[in-house]
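Structure, as structure tokens:
So you know, we letter chains A, B, ... as the sequences are listed, proteins then strands, and number each from 1. In this text the structure is predicted, and so the values were computed from the model without any measurement.
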Protein chains: 2
Amino acid sequence: MPRSKGAVSIRDVAAAAGVSVATVSRVLSPATADVPMRKETRDKVVRAIDELGYRPNDLARALLHHRTAAIGLVVPDISNPYYPPLVRGVEDVASSRGYRVVLCNTDRDPAKITGYLDTLIKTRVDGIVVAGGGWADVPDRTAVLGRYRTGLVAVGRHLTAHPSVRIDNVAASRAAAEHLIGLGHRRIAFVGGPASSTTVQDRAQGFRDALKASGLDGRAPVVRYGDFTEESGYELTREMLRLARPPTALLCANDRVALGAYAAAADTACRIPDDVSVVGFDDTPIARYVRPTLTTVAIPTYEMGSAAMRLLLAQFEGDGGPALETMPTRLVVRDSAAAPSAG
Amino acid sequence: MPRSKGAVSIRDVAAAAGVSVATVSRVLSPATADVPMRKETRDKVVRAIDELGYRPNDLARALLHHRTAAIGLVVPDISNPYYPPLVRGVEDVASSRGYRVVLCNTDRDPAKITGYLDTLIKTRVDGIVVAGGGWADVPDRTAVLGRYRTGLVAVGRHLTAHPSVRIDNVAASRAAAEHLIGLGHRRIAFVGGPASSTTVQDRAQGFRDALKASGLDGRAPVVRYGDFTEESGYELTREMLRLARPPTALLCANDRVALGAYAAAADTACRIPDDVSVVGFDDTPIARYVRPTLTTVAIPTYEMGSAAMRLLLAQFEGDGGPALETMPTRLVVRDSAAAPSAG
DNA sequence: TTGTAAGCGTTATCAC
DNA sequence: GTGATAACGCTTACAA
């Protein structure tokens, strides 16, 4: 019977088995697997352990070893379909290496970010993976992170001075725009997410670059900002489709925005791709299942997550300083973008 | 300068401020906010704290207080669009009450479930929220959970003997089927997820109940199983649409399956809802944005998550035994289901 | 082959 | 007002 009202501890096991706590520790610690011990003793201990349903306290171990085997994962919002694969990527390699992951949703709110960061440090996670923006107004914590030997890797380009995994949004967007131009489009619009997002800025930039390179920037390129939702894509597209000379092609900031564009097109009797071509970003599962199927830029979100976690593990092993891994994107050509109709 | 190679601890602060560790602890502990202390002393300590960038070690605190302020959240797969809102619901109320959440993806694999459960217990989380199935072959851990005073609440009906939050899938599915019947459909099929899922079983049951109640079960009701993906919905629907007398309406196990059905209909020149009506489950964001818009059963996933976390908090406060909270569902009527055409 | 005891970073109890 | 010090549950020299 456990000592006090508390949970069963190594002392209870020791008492039950009639040995010292050190002996119990020895049968549990992989580190001491090699020290010799009488089989009889070991058996007594093992028996006591499962009679009492004993589970060693990892907090105590962590305190001793200065290693919690936990990492923090900071994302804007897990409900945003972009993040789940990334989270899964992180969690998969984390758990395969014995790490737990603490999930934090920040809504890109600097106050929340700061709060989570401090909690994570106080609970002494071994490292942190941060994805998504909102960091502009976050007080710098690199010093504190350093003091507590807390690793950090960023997914994206919002946090320099730390290892990071990224994609080349400028190039990816430029390639998508060039695809549209190659199809014969001359009036193309970029229908966008939040102007404050570095991702959106890069994609808009790639779009402009493509227009300029093709000599299509006679008039100012049409770039509209909103946010990353279907609703935003719907509204923006509706507006544009009502113009006297509406764009014949839309490069959307992500698939959700593109889906909103689909709805707007349907509601204004515009056919895709006949009347207007649409290209998305992310290659969400739905891209393959909407009709027409959506041409979109595939982003290896899962791989970015797993790469980030691997970078973190490399940091733990002291592998060099800031690393930067750029993951490849790929334009997935489906049915939503075609040559503009003669009209 | 910190004592050893280790991180800065309360002793370093004490040394730097020229006071004892007890004094430092007093300025940090909210519990001892009322004990009198010379302002000058407090200031010295505060200054030392932020000069050193000191952050108290919550592991040590947890060891003392037998409370980690962490909870485990066990889901089959965060990449499945059903779970993110639930996870967010849990995390929101958790963080608002000062709890961190450790995310675990099990893929419904009993071995993984068991592994995560043991890790969570060893790290002494205060409680666990479990959602999704795969528990049939998981060794019972209630005894151990009890020993370590680990709370647990289940989302769904897969784990009895614990408080849980659920929805009435039988009734919800029945209502959806009755909607179709009311529209005039006579040949309705249930196109399903995994047969092993209690959720699917309940939805199939509600479907059968509705048919029977309307005297429509002359022939055996058509129920097809697969999994919860677009692909599965696509294949199943394709098959059925090729039948001599294809169903005029499809009750799909979830929205992803319904989306697959949309694609299959498009590819076999079937119009929705003219040739075939489609009803989904979950009311995912896309439901509003596909065309035609999808009639579907809304499930308050976010609220289920937050309710589950609140139940857990109630357990911590020792509020009674097993509770059961049943959340309401709602049929959202949109454009994908209409009266069958005369043909 | 096993036990004793110091220590990980805190808080809480008791002295002074 | 402030300081020693004994816990919390474990690991690991060092002794025996």
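When rounded to the nearest whole Å, the span between CG of L63(B) and P of dT11(D) equals 12 Å. Rounded to whole Å, the distance from CG on L52(A) to P on dG9(D) is 14 Å. Spacing between atom CG of N57(A) and atom P of dG9(D) amounts to 7 Å, rounded to whole angstrom units. In this structure, NZ of K122(B) is placed 11 Å from P of dC10(D), rounded to the nearest angstrom. The separation between R67(A) atom CZ and dG9(C) atom P is 17 Å, rounded to whole Å.
No side-chain donor-acceptor contact under 3.5 Å links D107(A) to the backbone of D109(A). In terms of modelled atom types and a separation under 3.5 Å, the side chain of T23(B) and the main chain of V19(B) share no donor-acceptor contact. In this structure a side-chain-to-backbone donor-acceptor pair under 3.5 Å is present from D126(B) to T68(B). In this structure, the side chain of E325(A) does not engage the main chain of A307(A) through any donor-acceptor pair within 3.5 Å.
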Test log, rule salt bridge (charged side-chain N to carboxylate O under 4.0 Å, His left out), inputs D58(B) and R124(A): CA-CA 8 Å; D58(B) 274 346; R124(A) 298 293 188 268; over 6 Å; no
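Comparing the end axes of the helix from dT1(C)-dA16(D) to dC16(C)-dG1(D), each fitted to five base pairs by superposing C1' atoms of four pairs onto the next four, gives an inter-axis angle of 50° (nearest 10 degrees).
The salt bridge (Lys or Arg N to Asp or Glu O under 4.0 Å) contacts involving residues 20-30 of chain B comprise nothing, where partners must be two or more places apart or lie in separate chains. Residues in residues 48-57 of chain B take part in these salt bridge (Lys or Arg N to Asp or Glu O under 4.0 Å) pairs, two or more places apart or across chains: D118(A)-R55(B). A salt bridge (Lys or Arg N to Asp or Glu O under 4.0 Å) check over residues 303-318 of chain A, counting only residues at least two apart or in different chains, returns nothing.
No engagement by V35(B) is indicated, since no non-hydrogen atom pair under 4.0 Å with the nucleic acid exists.
Side-chain N/O atoms of R166(A) and S164(A) include a donor and acceptor closer than 3.5 Å.
One finds no side-chain N or O of R11(A) lying less than 4.0 angstrom from the OP1 or OP2 phosphate oxygen of dC10(D). For T23(B), a side-chain nitrogen or oxygen approaches OP1 or OP2 of dG3(D) to under 4.0 Å.
Residues from residues 36-45 of chain A that place a heavy atom under 4.0 Å from any atom of DNA chain C, listed by number: P36(A), M37(A), R38(A), T41(A).
Rounding to the nearest 0.5 Å places CG of N105(B) at 11.5 Å from CD1 of I113(B).
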Sequence-aligned protein contact record of nucleotides 11-16 of chain C, with B where the base is within under 4.0 Å of a protein heavy atom and S where only the sugar-phosphate is: BBB---
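The cationic group of R88(B) does not satisfy the cation-pi geometry with Y302(B), failing either the under 6.0 Å distance to the six-membered ring centre or the 45° limit from the ring axis.
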